[in-house]
J.: 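The structure follows.
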Amino acid sequence: SYDVVVCGGGTSGVPAAIASARAGAKTLLIERVGQLGGQMNFSGPPGFSYAFLFNGCHEQVIGGFAEETHKRLFSSGHALPHIRTKYRGQYTFSYVDPDWWGLLVYEMMKENNVDLMLHTMVTDVIKDGNTVKGVVTVHPSGSSIVLAKVVIDCTGEGETCYQAGAQYEILPKDQLE
C-alpha cells in the first residue's frame with residue numbers, strides 16, 4: 001500500500017515520482033520495461049527533454065527537475081552548457097548524455113526512497129465507485145495488487161486512465177499527419 005503510485009517511468013513518470021517522494025509521500029514507480037527514462041534513454045534524440053528551456057528572447061522559462069538534472073550532469077562532465085542561439089525566436093536543446101541521465105535518475109530514486117517495480121505492466125485498476133484505489137500488475141514473479149491513495153498515469157498512451165474508464169477519443173488514421 002502506497003500514498004502515491006506512478007504508472008510509467010519515462011520522462012514524466014520519473015519527475016512525478018521524485019516530486020511525490022520529496023513531498024513526503026510513500027511512493028512507488030511502476031515501469032513496464034527494465035529501464036527508466038522512456039524517450040530519453042531508448043527512443044528519442046539525446047536532450048529532447050531539454051528543448052525549450054529558454055524562450056525566443058533567451059530567457060530561461062523552464063527549471064525544476066530539468067534544470068536540476070542538467071546541473072548535476074553538467075557538474076560531472078556529462079552535459080554541455082546550455083546552448084543559446086544568436087538569433088531571437090529560435091529555441092535550443094540543452095544536451096545531456098542520455099546514458100548518464102539514466103544512471104542519475106536511478107540514483108535520484110534511491111536518494112528519495114522511491115520504490116520501483118520494473119518489468120511490470122499495469123493491467124487494470126481497482127476502483128471504489130469512481131475513485132481509483134490501486135492497480136493490478138503483471139510481472140515476472142506473477143501478479144500483484146498495489147493499493148494507493150493516489151494513482152498517477154504517466155504511461156505514454158494514457159493506459160491507466162483508459163483502464164479507469166476516463167473519456168477518450170480515437171483519431172481516424174486519415175487525420176493523422
Side-chain angles (χ1 to χ4, degrees), residues 1-53 60 62-83 92-125 132 134-161 163:
S1 182
Y2 287 86
D3 295 321
V4 176
V5 169
V6 178
C7 303
T11 53
S12 62
V14 164
I18 291 170
S20 169
R22 286 178 177 174
K26 181 180 176 189
T27 304
L28 171 69
L29 176 66
I30 301 172
E31 170 53 44
R32 69 178 171 83
V33 299
Q35 178 176 337
L36 298 178
Q39 59 92 20
M40 270 297 288
N41 285 86
F42 50 87
S43 68
F48 183 76
S49 292
Y50 293 85
F52 302 107
L53 297 184
Q60 188 162 359
I62 296 176
F65 184 78
E67 183 61 25
E68 177 185 350
T69 54
H70 182 272
K71 281 182 180 176
R72 287 178 72 164
L73 290 168
F74 181 73
S75 70
S76 64
H78 302 293
L80 295 175
H82 291 304
I83 301 169
T92 62
F93 283 85
S94 294
Y95 292 102
V96 300
D97 183 314
D99 293 326
W100 283 98
W101 186 89
L103 293 171
L104 173 62
V105 297
Y106 279 102
E107 187 177 299
M108 293 175 80
M109 293 294 163
K110 188 174 180 178
E111 289 169 4
N112 292 285
N113 298 312
V114 175
D115 290 338
L116 299 174
M117 286 181 76
L118 304 178
H119 298 288
T120 302
M121 189 166 204
V122 175
T123 58
D124 205 354
V125 298
V132 175
V135 295
V136 178
T137 66
V138 174
H139 43 79
S141 299
S143 62
S144 299
I145 291 175
V146 182
L147 301 177
K149 295 176 185 171
V150 174
V151 175
I152 301 173
D153 186 349
C154 290
T155 61
E157 289 77 29
E159 292 128 350
T160 307
C161 285
Q163 292 160 343

J.: Restricting to non-hydrogen atoms, name the atom on Val114 and the atom on Ala21 that form the minimum distance, rounded to 0.1 Å.
T.: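 Here Val114 and Ala21 meet closest at CG2-CB, 3.6 Å.
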J.: Does the side chain of Cys7 come within less than 4.5 Å of Val5's, by heavy atoms?
T.: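 Yes - at least one pair of side-chain heavy atoms lies under 4.5 Å apart.
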J.: Could I get the full list of side-chain contact (heavy atoms from CB on, under 4.5 Å) partners for Phe74, not counting sequence neighbours?
T.: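 Per chain and number, Phe74 pairs via side-chain contact (heavy atoms from CB on, under 4.5 Å) with His70, Ala79, Pro81.
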J.: Considering the options Glu67, His78, Glu107, which one meets the side-chain hydrogen bond (donor to acceptor under 3.5 Å, both in side chains) requirement together with Arg72?
T.: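 Among Glu67, His78, Glu107, the one meeting side-chain hydrogen bond (donor to acceptor under 3.5 Å, both in side chains) with Arg72 is Glu107.
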J.: If the condition is side-chain hydrogen bond (donor to acceptor under 3.5 Å, both in side chains), which residues does Ser20 pass it with, not counting sequence neighbours?
T.: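 If we apply the side-chain hydrogen bond (donor to acceptor under 3.5 Å, both in side chains) test to Ser20, skipping adjacent residues, the hits are Thr27.
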J.: For the residue pair Thr160 and Thr155, what are the closest heavy atoms and their distance?
T.: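 That would be OG1-CG2, 3.9 Å.
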J.: Find the distance between CG (Leu36) and CE (Met109) and round it off to the nearest 0.5 Å.
T.: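 Reported value, rounded in 0.5 Å steps: 5.5 Å.
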J.: Work out which heavy atom in Pro15 is nearest to a heavy atom in Gly10; give both atom names and the distance.
T.: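 In terms of heavy atoms, the two residues are closest at CD-O, 4.2 Å.
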J.: Checking side chain to side chain contact (heavy atoms under 4.5 Å, CB included) for the pair Met108/Val14: CA distance, chi angles, key distance, verdict?
T.: CA-CA 9 Å; Met108 293 175 80; Val14 164; over 6 Å; no
J.: What heavy-atom pair brings Ser12 and Cys154 nearest, and what distance separates the two atoms?
T.: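 Closest approach of Ser12 to Cys154: OG-CB, 3.4 Å.
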J.: So, for Gly102 and Val105, which heavy atoms are closest and what is the spacing to 0.1 Å?
T.: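 Closest approach of Gly102 to Val105, heavy atoms only: O-CG2, 3.2 Å.
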J.: Closest approach of Leu53 and Ala66, non-hydrogen atoms and distance?
T.: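 Result for this residue pair: CD2-CB, 4.0 Å.
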J.: So which pairs with a foot in residues 114-123 pass side chain to side chain donor-acceptor pair (under 3.5 Å), sequence neighbours left out?
T.: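 Those involving residues 114-123 are Tyr2-Asp115.
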J.: How many angstroms lie between atom CG of Leu104 and atom OG1 of Thr69, to the nearest 0.5 angstrom?
T.: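 Output value for this atom pair is 6.5 Å.
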J.: Rounded to the nearest 0.5 Å, how far does CG of Leu73 lie from OH of Tyr95?
T.: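 Reported to 0.5 Å precision, the distance equals 15.5 Å.
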J.: For residues 150-160, which residue pairs qualify under salt bridge (Lys or Arg N to Asp or Glu O under 4.0 Å), counting only residues two or more places apart or in two chains?
T.: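 Found none.
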J.: Look at the side chain of Gln163 and the backbone N and O of Val122, then say whether any donor-acceptor pair between them is shorter than 3.5 Å.
T.: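 Yes; at least one donor-acceptor contact below 3.5 Å.
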J.: With a cut-off of 3.5 Å and sequence neighbours excluded, list every side-chain donor-acceptor pair involving residues 142-152.
T.:
unit_1 : atom_1 : unit_2 : atom_2 : d
Ser144 : OG     : His139 : NE2    : 2.7
Lys149 : NZ     : Asp3   : OD1    : 3.1

J.: Tell me the salt bridge (Lys or Arg N to Asp or Glu O under 4.0 Å) pairs involving residues 8-33, sequence neighbours left out?
T.: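 Non-adjacent pairs meeting salt bridge (Lys or Arg N to Asp or Glu O under 4.0 Å): Arg22-Glu68.
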